[in-house]
Amino acid sequence: MSRLENAVPGYQHLVIEPYTPNIGATVRDIDLSDLRSEAVRAELRKALVEFQVLFFRQQTLTPEQHIEVAKVFGDPDKAKAFFPRHETQKVIEVLEARPGGNRFGTDEWHTDITFSANPPTGTVLYSRVVPPAGGDTAWASGTAVYESLPSSLRTYLEELEAVHSFEHSGWPPYFARLPDGEAVYRQARNDHLPVVHPVIRTHPVSGKKIVYVSPNFTDRIKGLSRQESDALLAFLFARFQRPEFQARLRWEADTVAVWDNRATVHYAVTDYGDAHRLLHRVTFGEDRAF
Ligand code: SIN
């Protein structure tokens with residue numbers, strides 16, 4: 001195994017290069033199709049908590065091996081969104097943009113599936129077809145945002161809870177463009193009543209505090225007027241937009257990104273016009289925020 005000049009110390013089995021100082025790392029010299037070593041698996045879990053999003057280039061994975069990667073971090077058979085599914089492996093969601101096709105509304109900052117009481121712990125996204133230019137994904141760190149806030153505001157926010165709702169998100173407009181969209185919408189609405197999460201959550205492994213709201217799914221802060229809630233949420237959402245707290249990935253074919261859904265928000269940059277973009281996604285685990 002080659003060691004990089006700036007490889008992160010404290011890892012015996014992984015070569016890890018920070019992607020930005022606040023969020024993200026590239027893991028080098030690893031073949032994700034062979035993760036039999038428990039020592040490697042343990043270091044991958046440790047790295048995910050430390051860096052919040054991990055990038056792996058030039059990976060050749062079958063759908064089954066993609067699912068095995070997710071199993072390093074959690075059970076892949078938990079909360080899912082409304083994306084089409086892989087034809088043989090139903091836990092794989094297929095995120096495909098084709099010329100003239102429907103878009104998913106993922107071009108808004110969000111933490112996956114916080115419209116459910118137990119959102120996924122994380123996600124493994126694997127690029128199959130990438131546009132010639134554009135189609136990046138960006139992640140932002142909820143711990144970095146929290147740590148940037150003045151302590152009096154942190155104390156105030158720690159008392160608050162927010163309502164998260166799928167109706168507030170990009171999903172209803174997506175359903176409206178489907179041939180059977182009205183029925184899908186009604187079913188989804190029945191299955192996903194709004195839920196409440198703390199505005200500041202605690203990471204169950206690192207113990208760090210995290211700002212846990214996102215424009216795609218957070219509708220309002222409980223106990224505040226609509227005007228007060230909108231103003232406070234707008235302030236927090238704006239913090240996530242600071243590039244200092246972000247990592248933006250330029251996809252290449254066969255790239256894998258794994259993120260900690262407890263600590264991050266992400267945004268699919270939809271700047272690639274009619275180009276073809278295809279990613280396979282496996283969410284894993286489930287997690288009750290506290
Ligand atoms: C998502 O999981 O929100 C989609 C990310 C992407 O398409 O880049």
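Keep in mind that this is a model prediction, so the values were computed, not measured.
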d(F245 CZ, Q52 CD) to nearest 0.5 Å is 12.0 Å

Between the CG atom in D112 and the CZ atom in F284, the distance rounded to the nearest 0.5 Å is 10.0 Å

Taken to the nearest 0.5 Å, the spacing of H13 NE2 from I30 CD1 works out to 11.0 Å

* To do: Establish, for the pair R154 and Y146, whether the NZ or CZ atom is under 6.0 angstrom from the six-membered ring centre and no further than 45 degrees off its axis.
  => yes

If Ile, Leu, Val, Met, Phe, Trp and Tyr residues are connected whenever their side-chain heavy atoms lie under 4.5 Å apart, and connections chain through other members, are F82 and L278 in the same group? no

Exercise for the section: Apply the test side chain to side chain contact (heavy atoms under 4.5 Å, CB included) to residues F56 and D31: give CA-CA distance (whole Å), side-chain angles for both, the deciding distance (0.1 Å), then the verdict. Expected result: CA-CA 9 Å; F56 307 82; D31 177 359; over 6 Å; no

Nearest heavy-atom approach of V195 to A117 is CG1-N, 3.8 Å

| field | Short side-chain to backbone donor-acceptor contact, E108 and N216, under 3.5 Å | value | no

Can a donor-acceptor pair be found, under 3.5 Å and without considering hydrogens, that links the side chain of S127 to the backbone of V129?
no

Applying ring-ring contact (aromatic ring centres under 6.0 Å, His included) to H86 and not counting sequence neighbours gives H280

* To do: For T137 and R248, test the side chains for any donor-to-acceptor distance below 3.5 angstrom and give the result as yes or no.
  => no

Residue pair T283 / K80, side-chain donor-acceptor N/O under 3.5 Å: yes

For P132 and A275 the tightest heavy-atom approach is CD-CB, 4.0 Å

Interatomic distance, CG@L153 vs CG@L157, rounded to 0.5 Å, equals 4.0 Å

Test item: E147 side-chain N/O and A144 main-chain N/O as donor-acceptor pair under 3.5 Å:
no

When F240, Y19, F55 are each screened for ring-ring contact (aromatic ring centres under 6.0 Å, His included) with W139, the one that passes is F55

| Working for side chain to side chain donor-acceptor pair (under 3.5 Å), residues T121 and E286 | CA-CA 5 Å; T121 309; E286 65 177 15; over 6 Å; no

When rounded to the nearest 0.5 Å, the distance separating OG1 of T26 from CG of L54 is 9.0 Å

- Task: Please confirm whether the backbone N or O of L32 pairs with a side-chain atom of Q65, one donor and one acceptor, at under 3.5 Å?
- Result: no

Ring geometry between H192 and F115 (parallel below 30°, tilted from 30 to 60°, perpendicular above 60°): perpendicular

*Going by heavy atoms in the side chains, are T202 and K209 under 4.5 Å from each other?*
yes

(message) The test is side chain to side chain contact (heavy atoms under 4.5 Å, CB included); show your working for N118 and D287 and say whether it passes.
(response) CA-CA 5 Å; N118 299 299; D287 186 69; over 6 Å; no

- Message: Closer than 3.5 angstrom, by distance alone: can the side chain of Q246 be matched with the main-chain N or O of Q241 as a donor-acceptor pair?
- Response: yes

Q) Is any side-chain heavy atom of E17 closer than 4.5 Å to a side-chain heavy atom of V8? A) no

Between Q59 (side chain only) and V256 (backbone N and O only), is there a donor and an acceptor less than 3.5 Å apart? no

Side chain to side chain contact (heavy atoms under 4.5 Å, CB included) test vs V213 passes for just one of T111, I221, T114, L233, namely L233

Can you see whether E161 engages Y212 through a side-chain donor-acceptor pair at a distance of less than 3.5 angstrom?
no

message: Could you check whether atom CD of E38 has more than 12 heavy atoms from other residues, nucleotides or ligands sitting under 6.0 Å from it?
response: yes

Worksheet item: Counting only N and O atoms by type, is there a donor-acceptor contact under 3.5 Å from the side chain of T270 to the main-chain atoms of A268?
Response: yes

Note: I113 and A81 closest approach over all heavy atoms is CD1-N, 3.4 Å

Review point. When you look at I67 and I92, which way does the side chain to side chain contact (heavy atoms under 4.5 Å, CB included) test go after all the steps?
Key: CA-CA 8 Å; I67 296 165; I92 298 180; 4.0 Å; yes

Original post:
Are R128 and Y126 in a cation-pi setup, meaning NZ or CZ lies under 6.0 angstrom from the ring centre and within 45 degrees of the ring axis?
Top reply: yes

Side chain of R277, backbone of G135: donor and acceptor closer than 3.5 Å? yes

Validation: residues 172-182 side-chain donor-acceptor distances under 3.5 Å, sequence neighbours left out:
{"residue": "R177", "atom": "NE", "partner": "N102", "partner atom": "OD1", "Å": "2.5"}
{"residue": "R177", "atom": "NH1", "partner": "P173", "partner atom": "O", "Å": "3.4"}
{"residue": "R177", "atom": "NH2", "partner": "N102", "partner atom": "OD1", "Å": "3.1"}
{"residue": "R177", "atom": "NH2", "partner": "R103", "partner atom": "O", "Å": "2.9"}
{"residue": "E182", "atom": "OE2", "partner": "R186", "partner atom": "NE", "Å": "3.3"}
{"residue": "E182", "atom": "OE2", "partner": "R186", "partner atom": "NH2", "Å": "3.3"}

ask   = According to a 4.5 Å side-chain heavy-atom criterion applied to Ile, Leu, Val, Met, Phe, Trp and Tyr, with indirect links allowed, do L95 and W171 form part of one hydrophobic cluster?
value = yes

| said: Assess, by modelled atom type and distance only, whether the side chains of N22 and S141 contain a donor and an acceptor separated by less than 3.5 Å. | reply: no

> Is there a side chain to side chain donor-acceptor pair (under 3.5 Å) between Q89 and H66 once you walk through the steps?
Replying inline: CA-CA 10 Å; Q89 298 294 334; H66 181 181; over 6 Å; no

dist R288:CZ -> S116:OG (nearest 0.5 Å) comes out at 9.0 Å

Note to self: For the backbone of G74 and the side chain of K78, can you confirm whether one donor and one acceptor N or O come within less than 3.5 Å of each other?
What the structure shows: no

Original post:
Are there more than 12 heavy atoms of other residues, nucleotides or ligands under 6.0 Å from atom CZ of R226?
Top reply: yes

Of all heavy-atom pairs linking A140 and I23, the shortest is C-CD1, 3.8 Å

Can T255 and E252 be counted as having a side-chain donor-acceptor contact under 3.5 angstrom? no

Next item on the list: Answer yes if V205 and F73 sit in the same cluster of Ile, Leu, Val, Met, Phe, Trp and Tyr residues linked by side chain heavy atoms under 4.5 Å apart, and no otherwise.
Entry: no

Residues V163 and P194: closest non-hydrogen pair is CG1-CB, 3.8 Å

Checklist entry - With the 4.5 Å side-chain cut-off for hydrophobic clustering, are V72 and V124 part of the same group? => result yes

For W251, the ring-ring contact (aromatic ring centres under 6.0 Å, His included) test, sequence neighbours excluded, returns none

Heavy-atom closest pair (L224 atom, S229 atom, distance to 0.1 Å) is CB-N, 4.0 Å

> Are side-chain N/O atoms of H266 and N261 paired as donor and acceptor at under 3.5 Å?
Replying inline: no

Q: Report whether F166 and F104 are members of the same hydrophobic cluster (ILVMFWY, side-chain heavy atoms less than 4.5 Å apart, transitive linking).
A: yes

Given side chain to side chain contact (heavy atoms under 4.5 Å, CB included), test R281 with T123 step by step and report yes or no. CA-CA 7 Å; R281 182 179 116 129; T123 303; 3.5 Å; yes

message = Is the shortest side-chain heavy-atom distance between L149 and R239 below 4.5 Å?
response = yes

#### Entry: Side chain proximity check, H203 to V49, heavy atoms < 4.5 angstrom
yes

How about H164 and F217: are their ring centroids closer than 6.0 Å? no

Margin query: So does V145 get a backbone contact from the side chain of S148, meaning a donor-acceptor N/O pair under 3.5 Å?
Written below: yes

